[in-house]
Amino acid sequence: VDLEPPVLLDFGSGTLHRLARLGGPLDRIGAVLVSHLHPDHYADLLGYLHSQLRLEEGRGPLRIYGPPGIAEAVDHLRASTPSLAELPFELRVTTVHREPFEVAGARVTPFEVVHSKRLTALGYRLAVGGRVLVYSGDSTVCPALERGCAGADGAILEATFPPGRAHPSHMDGAEACALAGRAGVRRLLLSHLSPAWGMADPAAACAGLFGGELRAAADLASFEL
Ligand SMILES: [Zn+2]
Ligand SMILES: [Zn+2]
């Protein structure tokens with residue numbers, strides 16, 4: 001399933017560099033769904049906005065969706081960099097919480113997950129072309145995430161730690177696999193993998209913990225839904 005224009009799920013530190021390595025035109029990105037306001041999920045918006053200032057052809061509108069606080073966060077990023085005061089393209093920032101909305105032909109349903117006491121963290125359920133993809137953002141095991149994943153064709157779930165390393169604000173690989181299994185997810189991509197995994201291959205470490213197709217995210221890798 002292709003979304004047109006392309007949509008990013010979060011824009012954390014390192015993402016801009018990786019996107020540049022992919023070689024595609026960065027100005028095609030039409031929307032960013034921000035899960036929560038930790039820098040590993042939105043910090044590269046700053047560099048991205050700056051990269052979009054002097055395009056010969058200009059660019060279409062950019063839409064940013066995120067939890068309460070997203071508008072202030074984008075304002076702060078822009079205020080930190082004088083050249084971002086005026087943008088030569090349309091930027092629309094929309095605060096979302098639970099109400100579904102449409103982006104790039106997809107029906108997107110945000111849902112609030114349990115991650116940090118200090119901020120609202122969202123997961124996103126995207127329905128497009130008869131397929132459903134769910135992105136957890138950062139989350140612990142919680143009923144909202146399990147409901148959000150119900151029957152999904154694919155889920156990108158955070159698995160910050162290897163199995164057996166339960167944590168108050170993240171999942172480990174075993175928890176992500178079990179949650180996806182209970183929710184009836186068909187394909188599971190483990191993401192947000194921390195250095196605690198060491199050299200372990202998360203998909204191999206979690207083999208047998210999930211009944212569907214299980215893979216681990218890797219830089220520049222692509223996955224068909
Ligand atoms: Zn976080
Ligand atoms: Zn994170």
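Because the structure is a prediction, the values reported are computed rather than measured. Note: hydrogens, waters and symmetry copies are ignored here, and every other heavy atom, side chains too, is used.
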Exercise. Which atoms form the tightest heavy-atom contact between Leu188 and Phe210, and what is the distance?
Worked result: CB-CE2, 3.6 Å
Exercise. Does a donor on one side chain sit under 3.5 Å from an acceptor on the other, for Thr95 and His97?
Worked result: no
Seminar exercise, completed: So CD of Glu86 and CZ of Arg78: to nearest 0.5 Å the spacing works out to 8.0 Å
Problem set entry | Donor-acceptor under 3.5 Å (Arg59 side chain, Ile29 main chain) | yes
Problem set entry | His192 side chain reached by Asp40 side chain, heavy atoms, under 4.5 Å | yes
Exercise. Which distance, rounded to the nearest 0.5 Å, do you find between the CG of Leu16 and the NE2 of His50?
Worked result: 11.5 Å
Exercise. Does Arg187 use its side chain to pair, donor to acceptor, with the backbone of Glu224 at less than 3.5 Å?
Worked result: yes
For this session: Grab the two heavy atoms, one from Asp172 and one from Pro162, that are nearest each other, plus how far apart they are.
Result: CB-O, 3.2 Å
For this session: Mind listing the closest non-hydrogen atom pair of Leu122 and Val96 along with its distance?
Result: CD1-O, 3.6 Å
Exercise. Same hydrophobic cluster for Leu91 and Leu77, using side-chain heavy-atom links shorter than 4.5 Å among ILVMFWY?
Worked result: yes
Problem set entry | Interatomic distance, Leu46 atom CG to Ser80 atom OG [nearest 0.5 angstrom] | 5.0 Å
For this session: Kindly work out whether a path of hydrophobic side-chain contacts (I/L/V/M/F/W/Y, heavy atoms less than 4.5 Å apart) joins Phe89 to Tyr65.
Result: no
Exercise. Do Val128 and Leu133 have side chains that get closer than 4.5 Å, going by heavy atoms?
Worked result: no
Exercise. What about Leu84 and Val74, same hydrophobic cluster or not, with Ile/Leu/Val/Met/Phe/Trp/Tyr joined at side-chain heavy-atom distances under 4.5 Å?
Worked result: yes
For this session: May I ask you to decide if the ring planes of Tyr124 and Phe101 are parallel, tilted or perpendicular, using 30° and 60° as cut-offs?
Result: perpendicular
For this session: Starting at CG of Leu33, measure out to CG of Leu8 and round the result to the nearest 0.5 Å.
Result: 8.5 Å
For this session: Return yes when atom NE2 of His76 has more than 12 non-hydrogen atoms of other residues, nucleotides or ligands closer than 6.0 Å, and no otherwise.
Result: no
Exercise. Counting N and O atoms only, with roles assigned by atom type, does the side chain of Ser13 sit under 3.5 Å from a partner on the main chain of Ala43, one being a donor and the other an acceptor?
Worked result: no
For this session: Flag the pair Thr15 / Asp10 as yes when at least one side-chain heavy-atom distance between them is below 4.5 Å, and no otherwise.
Result: no
Seminar exercise, completed: Closest non-hydrogen contact found for Ala183 with Cys149 is CB-CB, 3.6 Å
Exercise. Between His36 and His38, how do the two ring planes meet: parallel, tilted or perpendicular, split at 30° and 60°?
Worked result: perpendicular
Exercise. Between Glu72 and Leu37, is any pair of side-chain heavy atoms under 4.5 Å apart?
Worked result: no
Exercise. Any idea which heavy atoms bring Val34 and Tyr42 closest together, and the distance?
Worked result: CG1-CB, 4.0 Å
Exercise. Does any non-hydrogen side-chain atom of Glu213 lie less than 4.5 Å from one of Arg215?
Worked result: yes
Problem set entry | Glu102 backbone acceptor or donor facing Arg107 side chain under 3.5 Å | no
Problem set entry | Side chain to side chain, Pro88 and Leu53, heavy atoms closer than 4.5 Å | yes
For this session: State, with a plain yes or no, whether a side-chain heavy atom of Met171 is found less than 4.5 Å away from one of Leu157.
Result: yes
Problem set entry | Note, Leu19 side chain near Phe11 side chain (heavy atom, < 4.5 Å) | yes
Problem set entry | Under 3.5 Å: donor-acceptor pair, side chain of Arg131, backbone of Gly154 | no
For this session: Answer with yes or no whether the side chains of Asp44 and His17 bring together a donor and an acceptor at under 3.5 Å.
Result: no
For this session: Considering non-hydrogen atoms only, spot the tightest contact between His170 and Thr140 and give its length.
Result: N-CG2, 3.5 Å
Exercise. Can Tyr48 be reached from Leu22 by stepping across I, L, V, M, F, W or Y side chains whose heavy atoms are under 4.5 Å apart?
Worked result: yes
For this session: Would you please test Arg21 and Leu220 for side-chain contact (heavy atoms from CB on, under 4.5 Å) and show each step?
Result: CA-CA 8 Å; Arg21 284 277 297 279; Leu220 306 178; 4.0 Å; yes
Exercise. Just by distance, do the side chain of Ser194 and the backbone of Thr160 share a donor-acceptor pair under 3.5 Å?
Worked result: yes
Exercise. With no hydrogens and no angle check, is any side-chain donor or acceptor of Asp138 less than 3.5 Å from a backbone partner on His115?
Worked result: no
Exercise. Say you draw a straight line from CG of Leu9 to CD1 of Ile156; how long is it, rounded to the nearest 0.5 Å?
Worked result: 5.5 Å
Problem set entry | Phe111 reachable from Val141 in the ILVMFWY side-chain graph, under 4.5 Å edges | yes
For this session: For Asp201, check side-chain hydrogen bond (donor to acceptor under 3.5 Å, both in side chains) against everything at least two apart and list the hits.
Result: none
Exercise. Between Asp219 and Arg18, does at least one N-O distance fall below 4.0 Å, as a salt bridge requires?
Worked result: yes
